[in-house]
Engineer: 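Pasting in a structure now, in structure tokens, and then I'll have a few things to ask.
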2 protein chains.
Amino acid sequence: MKVTIKQIAELAGVSIATVSKVINHKDQKITHQTRDRVLEVIKEQGYIPNRIASSMVTKRTKTLGLMIPDITNPFFPELARGVEDGANEMGYTLILCNSDNDLQKEESYLEMLQEKMVDGIIFTASSRRTTMSPAFLRLNTPVVSVDREIEGLRLEGKITVDNEKGAFEAVCYLIDKGYRKIYHISGPLSSKTAKDRYAGFLRAHEEKGVLPVEEHLIEGNYTSTMGYDHTIRLIEESVDFDSLFCGNDLIALGAYKALHEKNMRIPEDIGIIGFDDIYMAEIVSPGLTTVRQPSYTMGYKAAEMMIACIKNKDGVRKEWVLETKLMIRGSTQ
Amino acid sequence: MKVTIKQIAELAGVSIATVSKVINHKDQKITHQTRDRVLEVIKEQGYIPNRIASSMVTKRTKTLGLMIPDITNPFFPELARGVEDGANEMGYTLILCNSDNDLQKEESYLEMLQEKMVDGIIFTASSRRTTMSPAFLRLNTPVVSVDREIEGLRLEGKITVDNEKGAFEAVCYLIDKGYRKIYHISGPLSSKTAKDRYAGFLRAHEEKGVLPVEEHLIEGNYTSTMGYDHTIRLIEESVDFDSLFCGNDLIALGAYKALHEKNMRIPEDIGIIGFDDIYMAEIVSPGLTTVRQPSYTMGYKAAEMMIACIKNKDGVRKEWVLETKLMIRGSTQ
DNA sequence: CCTATCTGAGTAAACGTTTAACTAAGTATA
DNA sequence: TATACTTAGTTAAACGTTTACTCAGATAGG
């Protein structure tokens with residue numbers, strides 16, 4: 001049997017209200033003697049308060065939900081870590097949900113989170129989501145979106161990255177370096193991030209006065225397999241290209257593999273730029289030039305924003321567009 | 001105001017007990033008419049049961065804690081994913097904790113998990129933990145350890161990998177391929193996994209009749225930086241080695257980087273074997289030969305074991321030593 | 001000395017469920 | 001017809017806290 005506040009109260013010879021006050025540091029009106037006595041009993045009994053019971057009355061669980069597509073995708077661990085650290089610092093705990101970009105799973109998790117009465121949800125929506133189900137619209141738990149936008153849903157906050165600008169800078173850099181036949185292996189264009197990156201790709205060409213290149217777009221799905229397959233295909237079909245701007249680093253690393261197998265050199269034969277700056281981008285040889293997303297910061301800020309919203313603090317920014325940074329490494333010259 | 005079971009009861013013209021029974025499918029003794037009426041009201045009102053309140057009376061939260069050193073370490077996302085999938089399938093939810101191998105953090109998280117009344121904890125202990133604090137010993141939440149052992153703590157289950165054998169096979173393979181000057185960059189030898197892998201390294205040498213090689217041990221700490229630094233040092237000090245058996249893949253990838261920078265070829269000049277088989281091992285060029293740990297399975301089985309234990313199912317194995325598998329790729333020849 | 005104020009602590013309701021025990025009505029049994 | 005058993009549902013206690021309100025005693029003011 002676990003020890004409860006009641007038993008502590010008895011052992012200390014006070015009422016449970018007093019114990020509660022001591023636990024919650026609402027003890028301005030408690031004498032030192034009683035407080036110390038209570039504290040001593042608590043320690044001696046190894047008492048651990050039951051937060052489930054507190055939640056019943058306070059209507060706060062001090063728990064946040066984190067919904068991401070897949071923690072196994074190298075982009076997300078850092079983001080998750082940022083959220084976790086932010087939450088933890090404020091005394092919040094995190095429930096992890098992997099939606100696998102599956103709308104059904106997303107909704108069933110959403111329901112679970114509501115049942116568990118989380119105080120807020122930090123949400124990277126499925127890239128497949130285009131329309132909001134009734135379950136979403138009825139949601140009355142605060143939501144902060146991160147990385148991807150969620151259109152048609154009331155959000156308490158939004159954290160994104162300027163994808164268009166990041167892509168623009170990357171492609172400008174490629175053009176400045178003399179690359180002219182740039183192919184873009186993108187993510188699914190149904191997602192806003194992929195669309196924005198493609199827009200940046202196009203704008204860079206326009207502003208640099210390089211030919212229109214719509215046929216240089218290869219729509220993929222953000223996986224390394226896709227990057228590999230498309231690159232192999234480009235080579236085998238003898239397509240004339242001198243560089244790849246990849247929708248993310250996984251695609252880029254897939255391309256690395258394909259180029260190695262086909263004995264083509266990076267960056268001498270083909271230049272490569274990725275997007276995200278995952279851990280491996282630096283480890284790989286040559287280092288992958290890529291557009292860094294501050295994923296840890298995104299997660300951290302999301303947690304911060306979420307908690308500020310829960311506490312009804314105002315003066316907190318509700319929208320944050322973070323800057324990317326071009327990390328120049330060996331895959332371009 | 002959220003709608004409660006009470007309001008559903010009123011609207012459906014039944015008692016809350018009846019509503020509770022239909023929600024929990026204890027409705028054998030409820031007529032179709034009443035059940036359907038209740039279900040209809042529930043749907044119409046978008047009622048979501050408050051599991052916090054249920055937990056109060058059932059004393060089950062259907063929540064598991066997952067404590068790992070760092071989700072950002074590429075070994076853990078797959079493991080976490082396995083745990084999550086296993087938990088989710090059984091209707092459980094996961095609280096994620098990153099201990100950073102920090103004993104203090106570990107203990108404070110442990111307390112939080114207990115406060116939140118998790119039904120069980122899946123635990124990859126800090127590699128630094130050698131002794132159990134009173135907080136640990138008093139713990140009366142079931143614990144399943146995964147990957148690393150936790151000595152001196154009552155465990156409901158344990159899932160490990162045969163590290164010694166995995167290392168043994170890897171090093172045997174290296175010797176069979178003709179490598180003779182094998183250096184081992186290990187993890188911290190305070191951890192059992194690192195110790196076991198080193199033991200396998202030694203046994204392989206013995207059984208193959210290759211010289212004793214204690215001075216070929218370089219104790220590191222499982223990071224790629226460490227792998228990089230030590231490899232650079234080996235080369236700059238002109239140490240005579242023809243291959244590296246790395247304590248994990250991160251170390252190996254660090255070594256890759258160092259070798260590339262020093263213009264040494266893999267596997268022609270130096271053969272490399274890692275441990276774990278993280279995602280990148282396959283993507284990198286040449287592919288990294290490594291000892292595969294079934295991390296997803298480990299996580300999944302841990303969740304399964306934990307939940308079986310919670311439900312007091314017997315006939316479930318309490319200890320599972322999973323097999324590793326040598327994944328032969330291009331980094332050895 | 002009487003009253004008003006302050007101090008430190010206690011009382012009890014409330015949070016939203018589950019579930020054991022109960023009940024009223026209907027049905028089968030003798 | 002009286003009795004026992006089913007059936008379909010209700011009642012009410014319990015889970016472990018927080019917190020608004022109450023209260024007794026001490027202190028201060030006039």
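Below, read A as the first sequence line, B as the second, and so on, with proteins coming before strands; counting in each chain starts at 1. As the structure is a prediction and not an experimental result, all values here were calculated from the model. Every heavy atom of this structure was used, including side-chain atoms; hydrogens, water molecules and symmetry mates were not.
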Engineer: Checking the side chain of B:N73 only, and the main-chain atoms of B:F75 only, is there a donor and an acceptor separated by less than 3.5 Å?
Structural biologist: yes

Engineer: Please check this pair: side chain of B:S54 against backbone of B:N50, looking for a donor-acceptor N/O pair closer than 3.5 Å.
Structural biologist: yes

Engineer: Please report the C-alpha distance between B:D119 and B:T61 in whole Å, then the side-chain angles of each, then the deciding distance to 0.1 Å, and finally whether the side-chain hydrogen bond (donor to acceptor under 3.5 Å, both in side chains) criterion is met.
Structural biologist: CA-CA 6 Å; B:D119 295 339; B:T61 51; 3.2 Å; yes

Engineer: Is A:T4 touching bases, backbone alone, or none of the nucleic acid, heavy atoms closer than 4.0 Å?
Structural biologist: sugar-phosphate

Engineer: Can you confirm whether B:R138 is buried at CZ, in the sense that more than 12 heavy atoms of other residues, nucleotides or ligands lie under 6.0 Å from that atom?
Structural biologist: yes

Engineer: Rounding to 10°, can you tell me the angle the first-five-pair axis of the helix from C:dC1-D:dG30 to C:dA30-D:dT1 makes with its last-five-pair axis?
Structural biologist: 50°

Engineer: Contact class for B:I23 (heavy atom, under 4.0 Å): base, sugar-phosphate, or nothing?
Structural biologist: nothing

Engineer: Is A:S55 reaching over with its side chain to a backbone N or O of A:R60, donor-acceptor style, under 3.5 angstrom?
Structural biologist: yes

Engineer: Do the side chains of B:K158 and B:E149 get close enough for a salt bridge, i.e. N-O under 4.0 angstrom?
Structural biologist: yes

Engineer: Below 6.0 angstrom between ring centroids: does that apply to B:F136 and B:F123?
Structural biologist: yes

Engineer: Identify the residue among B:E89, B:R81, B:E84 that makes a side-chain hydrogen bond (donor to acceptor under 3.5 Å, both in side chains) with B:Y300.
Structural biologist: B:E89

Engineer: Using chain A heavy atoms and a threshold of under 4.0 Å, write down where along DNA chain D the contacts begin and end, 5' to 3'.
Structural biologist: D:dG16 to D:dT19

Engineer: Please determine whether a side-chain nitrogen or oxygen atom of A:S15 lies at a distance below 4.0 Å from atom OP1 or OP2 of C:dT11.
Structural biologist: no

Engineer: Determine the contact category for B:K26: base if any of its heavy atoms lies under 4.0 Å from a base atom, sugar-phosphate if only primed atoms, P, OP1 or OP2 are that close, otherwise nothing.
Structural biologist: sugar-phosphate

Engineer: Can you measure A:I16 atom CD1 to C:dT11 atom C1' for me and round it to whole angstrom units?
Structural biologist: 9 Å

Engineer: Is A:D102 reaching over with its side chain to a backbone N or O of A:Q104, donor-acceptor style, under 3.5 angstrom?
Structural biologist: yes

Engineer: Expected output is a numbered-order residue list: members of residues 50-62 of chain A with a heavy atom under 4.0 Å from any atom of DNA chain C. What is it?
Structural biologist: A:M56, A:V57, A:K59

Engineer: Answer yes or no: are there more than 12 heavy-atom neighbours, outside A:K6 itself, under 6.0 Å from its atom NZ?
Structural biologist: no

Engineer: List the steps and the verdict of side-chain hydrogen bond (donor to acceptor under 3.5 Å, both in side chains) for A:Y296 and A:D85.
Structural biologist: CA-CA 9 Å; A:Y296 181 90; A:D85 285 357; 2.5 Å; yes

